[in-house]
Amino acid sequence: MTDSSQKILIVDDNPKNIQVLGTILGEKGYDIAVATSGEAALKMVDKTQPHIILLDVMMPGMDGFETCQILKSSDKTKDIPVLFLTAKTDIEDIVKGFDLGAVDYVTKPFQAAELLRRVATHLEIVDHRSNLEQKVQERTNEVQMTLQRLENSHFEIINRLGLAAEIRDNETGLHLTRISKYTQLIVHSLKMNEQEIKILVPASMMHDVGKIGIPDHILLKPGKYEPEEFEVMKSHTTIGARLLSGIDSELIVMAEKIALTHHEKWDGTGYPGQLKGEDIPFEGRIVAIADVFDALCSKRPYKEPWPFDKALDFIHNEAGKHFDPYLAEKFLENRKDIEKIMKEFREK
């Protein structure tokens, strides 16, 4: 028994032809819709959403060839199979029908059994294609969900590794959160695309991962470093870069740059490479601002937190010396948001 949900649109200007086709197809249980012109057919397609169209060629006004061409040029209707059913038997007409995108070409007079078989075959193809598209979509959704879970796990592992370094430094994950939020403020001000932001923000949380390799007696020292101790402390940049090097991941490559260069200074007096100006990777210049500002506003064993305005003044005064002046300006434009982040993610 034919599926009654399968809809056929008959397009023909001859009432007798419509009656004959309606009887033949209706007896097989097909849902029939009728249009008596090409113009009417185009108006009915969206409403009826047929699974196949039986299209006459010789009609007044818009003929079947033009109707087919318009159907195939629209994204909404291009996948509906068109079967020409016509008295035009010249090979040129048959070839033209196929060139326009028809799936079949049946000449009048036709045999009912042959027509029914052709219609059934093309409807089966439609069903198979629909089922295949559904399975492909389902599989695509499954793959996307799997990739999203992997990506989430990837970011979480990175976050935990960064947190491990902060815990050794008597910090909490809130420091990493604030760094990522300040970084996000800057990159949004620069109108970077979402994919770049999606990578840069979590990568910023890896800036101090190299502290894992710094001895406790130096890392946790409450007072001022001796010169040789400071040299050891500065090595957290190169240690971090080594930890992250050699991994084929856009996120990790960016995190490696940040770990290595977030203590470089715009005037070339930073470390470890004494890079200057735009020789410092863009990512490192951004995180340098976020990291220094948060350090100034945070309580440390060797200092009390700076007042908010004083920390902002430092960023302003060091623009062009410690910091990229343009990025410092972009950071300072977000005063209200900076203060909101400080309050929302401050240490308890």
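Sequential numbering from 1 along the given sequence is applied to the chain's residues. Computed from a prediction, not measured in an experiment: that's the story for all the values here. Side chains are part of it too, since the values below use all heavy atoms of this structure and drop only hydrogens, waters and symmetry mates.
Contact annotation: the side chain of Leu21 approaches that of Leu85 to within less than 4.5 Å [non-hydrogen atoms, C-beta and beyond]. Under the 4.5 Å side-chain criterion, counting only non-hydrogen atoms from C-beta, Val20 is in contact with Ile24. The shortest side-chain heavy-atom distance between Asp31 and Gln6 does not fall under the 4.5 Å cut-off. Looking at heavy atoms from C-beta onward, Thr237 lies in side-chain contact with Pro272 at the 4.5 angstrom threshold. Looking at Leu54 and Leu25, their side chains come closer than 4.5 Å, going by heavy atoms from C-beta outward. Looking at heavy atoms from C-beta onward, Phe65 lies in side-chain contact with Phe84 at the 4.5 angstrom threshold. Contact of the Phe308 side chain with the Met342 side chain is registered, since non-hydrogen atoms from C-beta on lie closer than 4.5 Å. Between Glu138 and Gln134 the shortest side-chain heavy-atom distance falls below 4.5 Å.
Put simply, Leu71 and Leu83 are part of two different groups of oily side chains (I, L, V, M, F, W, Y) that touch within less than 4.5 Å, one to the next. Taken together through direct or relayed side-chain contacts under 4.5 Å among Ile, Leu, Val, Met, Phe, Trp and Tyr, Ile341 and Ile286 form part of one hydrophobic cluster. Using a 4.5 Å cut-off between side-chain heavy atoms of Ile, Leu, Val, Met, Phe, Trp and Tyr, with links allowed through other members, Ile52 and Ile10 fall into the same hydrophobic cluster. Linking Ile, Leu, Val, Met, Phe, Trp and Tyr residues whenever their side-chain heavy atoms come within less than 4.5 Å leaves Met44 and Ile32 in two separate clusters. Cluster membership check: Leu55 shares its hydrophobic cluster with Ile70, using side-chain heavy-atom separations under 4.5 Å among Ile, Leu, Val, Met, Phe, Trp and Tyr.
Counting side-chain heavy-atom gaps under 4.5 Å among Ile, Leu, Val, Met, Phe, Trp and Tyr, Ile125 is found in no cluster with other residues. When hydrophobic side chains of Ile, Leu, Val, Met, Phe, Trp and Tyr are connected at separations under 4.5 Å, Leu260 ends up as a singleton with no cluster partners. Taking Ile, Leu, Val, Met, Phe, Trp and Tyr as members and joining any whose side-chain heavy atoms lie under 4.5 Å apart, directly or through other members, the hydrophobic cluster of Val136 also contains Leu132.
Annotation: side-chain hydrogen bond (donor to acceptor under 3.5 Å, both in side chains) contacts of Gln144 (sequence neighbours excluded): none. In terms of the side chain to side chain contact (heavy atoms under 4.5 Å, CB included) criterion, residue partners of Ile218 (sequence neighbours excluded) are, by chain and number, Ile214, Tyr225, Glu229, Val232, Met233. Under the side-chain hydrogen bond (donor to acceptor under 3.5 Å, both in side chains) criterion, Asp75 pairs with Lys78, not counting sequence neighbours. Here Gln137 pairs with Asn141 under the side-chain hydrogen bond (donor to acceptor under 3.5 Å, both in side chains) rule; sequence neighbours left out. With sequence neighbours left out, Glu278 forms a side-chain hydrogen bond (donor to acceptor under 3.5 Å, both in side chains) with no residue at all. Considering only residues two or more places apart in sequence or on other chains, Glu194 meets the side chain to side chain contact (heavy atoms under 4.5 Å, CB included) condition with His188, Ile197. Residues meeting the side chain to side chain contact (heavy atoms under 4.5 Å, CB included) test with Lys321, sequence neighbours left out: Asp267, Glu318.
Screening residues 106-126 for ring-ring contact (aromatic ring centres under 6.0 Å, His included), with sequence neighbours left out, gives no hits. Sorted by first then second residue, the side-chain hydrogen bond (donor to acceptor under 3.5 Å, both in side chains) pairs that include residues 44-55, not counting sequence neighbours, number zero.
Taking the ring centroids of His207 and His236, they lie at or beyond the 6.0 Å cut-off.
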Subject >> Stepwise side chain to side chain contact (heavy atoms under 4.5 Å, CB included) test for Lys211 and Leu219 >> reply: CA-CA 8 Å; Lys211 287 182 177 178; Leu219 184 66; 4.0 Å; yes
Original post:
Under the salt bridge (Lys or Arg N to Asp or Glu O under 4.0 Å) criterion, do Glu142 and Arg139 qualify, and how do the steps go?
Top reply: CA-CA 5 Å; Glu142 290 174 3; Arg139 183 56 180 157; 3.1 Å; yes
**OP:** Check the pair Glu114 / Arg117 against salt bridge (Lys or Arg N to Asp or Glu O under 4.0 Å), numbers first and verdict last.
**Re:** CA-CA 5 Å; Glu114 178 187 359; Arg117 184 63 263 170; over 6 Å; no
Original post:
Can you list the steps and then say if Phe323 with Phe331 is a ring pair (Phe, Tyr, Trp, His ring centres under 6.0 Å)?
Top reply: CA-CA 11 Å; Phe323 308 116; Phe331 178 72; 8.7 Å; no
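Within a 6.0 Å radius of NZ in Lys303, other residues, nucleotides and ligands contribute more than 12 heavy atoms. The number of heavy atoms from other shown groups lying within 6.0 Å of CD (Gln19) does not exceed 12. Around CD of Glu250, the count of heavy atoms belonging to other residues, nucleotides or ligands within 6.0 Å does not exceed 12.
Checked by atom type and distance alone, the side chain of Lys72 pairs as donor or acceptor with a backbone atom of Ile80 at under 3.5 Å. Counting only distance, with no hydrogens or angles, the side chain of Glu283 and the backbone of Met254 share no donor-acceptor pair below 3.5 Å.
Note on ring orientation: taking the six-membered ring where Trp is involved, the planes of Tyr271 and His263 are parallel (angle under 30°, cut-offs 30° and 60°).
Classification of Lys108 and Asp12 as a salt-bridged pair holds, one side-chain N sitting under 4.0 Å from a carboxylate O.
Using modelled atom types and a 3.5 Å distance limit, the side chains of Ser37 and Asp13 yield no donor-acceptor pair.
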